[in-house]
Amino acid sequence: MGQDQTKQQIEKGLHLYQSNQTEKALRVWMRVLEKSADPAGRFRVLGCLITAHAEMGRYKDMLKFAVVQIDTARELEDPDYLTESYLNLARSNEKLCEFQKTISYCKTCLNMQGTTVSLQLNGQVSLSMGNAFLGLSIFQKALECFEKALRYAHNNDDKMLECRVCCSLGNFYAQIKDYEKALFFPCKAAELVNDYGKGWSLKYRAMSQYHMAVAYRKLGRLADAMDCCEESMKIALQHGDRPLQALCLLCFADIHRSRKDVQTAFPRYDSSLSIMTEIGNRLGLIQVLLGVTKCWMIQKELDKALESIEKAQELAEGLGNKLGLLKLHCLCERIYRTKGQQRELRDHVVKFHECVEEMELYCGMCGESIGEKNNQLQALPCSHFFHLK
């Protein structure tokens, strides 16, 4: 298959993919990969396969194609191709929650001396690196990366990147409990979709609605949360976006738990858990197990709550997710206080404070810890935070 035919077949695949005929598109692209003698065409078709598998939540396949793409880039001996392929490798590892590897591949990208094309990718590299630091609960570095990504987006007038960074910043502020900002950023992302997103994939709209739903729930605006989550889930189902379906199910379950409707929450947690397990989103699994634990606590089933905590703790330790561990110690503290088990209680109080210190979650002004309750925060140019009050 020559250069022109390769190009034609890639376009055919893209057309099928955009019309939601994913499996047909994959077959066309796989045929190009087998038959094409054009390295640049092979590189491009691998990019299409990587994106498609990412959106379906087939992260191990995504990683496999990213590795092949690096070999193709080496064959082409072009630094821009190499930068792009390392970014895809970083993103595959980010999706598989291999955060240290993600950071290391992102650093490789930033050290490559490519042309202006690679410089335009630096915003995406910074975003991926920020998501990885956030997964490891290294908040200051995560914020630095997100702000850098936002600068790249503004300088290159890249509205899609800006939209993605705003969603990540929403997630960031939701984690450290500044719920006003956790809502502000995804609302900004939704505005960008409305103003510029006519030709964009619907996943951008779905993503901003999901992050708005999370913030609304945390602010106690449960009807608004439900509306946004339903909108997001509708798009996720239309597009076969398994990762987003899992997140929406988790959000629905959390909304029902906030209404103290445990019986409706449990089956949604179960559905989310099974998709998260299938796609390998271990960070999402920790969130599901935290929700399940809180449901058991509402029902005063403390031993069942401890079983869920044990599973979540194993995952959080494996990933290096310190915020997950902090939340689990906090829940254990409440359980052992109720059970009157003083030794275990003291043990978890100590571990809780160790986590707070390790994450440097203290206000630089008043010395109180950050992320305990909803509080407006301000970040300095050095990315240290303090309470706005």
Which atom pair, heavy atoms only, marks the closest approach of [X] to [Y]?
X	Y	answer
A206	L244	CB-CD2, 3.4 Å
I50	Q69	CD1-OE1, 3.5 Å
K322	S137	N-OG, 3.1 Å
S272	L249	CB-CB, 3.8 Å
A149	L127	CB-N, 3.9 Å
S92	A66	OG-CB, 3.7 Å

Keeping to residues at least two apart or across chains, list the ring pair (Phe, Tyr, Trp, His ring centres under 6.0 Å) pairs with something in residues 64-84.
-> F43-Y81, H53-F65
Hey, could you give me each pair passing ring pair (Phe, Tyr, Trp, His ring centres under 6.0 Å) that has a residue in residues 244-287? Not counting sequence neighbours.
-> F266-W296
Quick one: sort the H348 and Y336 rings into parallel, tilted or perpendicular, breaks at 30° and 60°.
-> parallel
Are [X] and [Y] connected, step by step, through hydrophobic side chains (Ile, Leu, Val, Met, Phe, Trp, Tyr) whose heavy atoms are closer than 4.5 Å?
X	Y	value
L87	L110	yes
L46	V67	yes
L183	M207	no
L290	L273	yes
L82	L63	yes

Could you go through the side chain to side chain contact (heavy atoms under 4.5 Å, CB included) check for Y204 and R164 one step at a time?
-> CA-CA 8 Å; Y204 287 94; R164 286 168 58 202; 3.6 Å; yes
Spatial distance of atom [atom1] ([X]) from atom [atom2] ([Y]) [nearest 0.5 Å]:
X	Y	atom1	atom2	value
R337	C332	CZ	SG	12.5 Å
Y179	L219	OH	CG	8.0 Å
Q287	L247	CD	CG	9.5 Å
T277	L285	OG1	CG	4.5 Å
I70	T108	CD1	OG1	8.5 Å
F133	F99	CZ	CZ	12.0 Å

Decide yes or no on side chain to side chain contact (heavy atoms under 4.5 Å, CB included) for L250 and M276, but give the supporting numbers first.
-> CA-CA 10 Å; L250 166 60; M276 299 270 194; 4.2 Å; yes
Just by distance, do the side chain of [X] and the backbone of [Y] share a donor-acceptor pair under 3.5 Å?
X	Y	answer
N156	D158	no
D178	A174	no
W29	C48	no
S104	Q100	no
S232	C228	no

Side-chain heavy-atom pair [X], [Y] within 4.5 angstrom cut-off:
X	Y	value
S126	F146	no
Q209	E230	no
L49	M30	yes
Q299	Q263	yes
Y59	P243	yes
S208	C167	yes
L169	K181	no
S128	T102	yes

Pairs involving residues 243-265, ordered by first then second residue, that meet salt bridge (Lys or Arg N to Asp or Glu O under 4.0 Å) (sequence neighbours left out) = D254-R257
According to the salt bridge (Lys or Arg N to Asp or Glu O under 4.0 Å) rule, which pairs have a member within residues 26-35, sequence neighbours left out?
-> none
Should the pair [X]-[Y] be classified as a salt bridge under the 4.0 Å nitrogen-to-oxygen rule?
X	Y	answer
E231	R205	yes
R221	D224	yes
E98	R282	yes
D157	K159	yes

Anything under 3.5 Å between a donor and an acceptor, one on a side chain of residues 302-313, the other on a protein residue two or more places apart or in another chain? List them.
{"from": "D303", "atom 1": "OD1", "to": "K339", "atom 2": "NZ", "distance (Å)": "3.0"}

Apply side chain to side chain contact (heavy atoms under 4.5 Å, CB included) to E354 and E357, showing your working.
-> CA-CA 5 Å; E354 281 171 2; E357 280 189 24; 5.9 Å; no
Please lay out, stage by stage, how M233 and L237 fare under the test side chain to side chain contact (heavy atoms under 4.5 Å, CB included).
-> CA-CA 6 Å; M233 185 60 152; L237 287 167; 4.0 Å; yes
Would you say K327 has more than 12 foreign heavy atoms packed within less than 6.0 Å of its NZ?
-> yes
Should the heavy atoms of other residues, nucleotides or ligands under 6.0 Å from CD of Q341 be counted, would the total exceed 12?
-> yes
K351 vs D347, salt bridge (Lys or Arg N to Asp or Glu O under 4.0 Å): CA-CA, chis, key distance, verdict = CA-CA 6 Å; K351 284 178 177 165; D347 187 31; 3.5 Å; yes
Under 3.5 Å side-chain donor-acceptor pair for E55 and Y17 = yes
Report the hydrophobic cluster partners of L202, with the cluster defined as I, L, V, M, F, W, Y residues connected by side-chain heavy atoms closer than 4.5 angstrom, directly or transitively.
-> I235
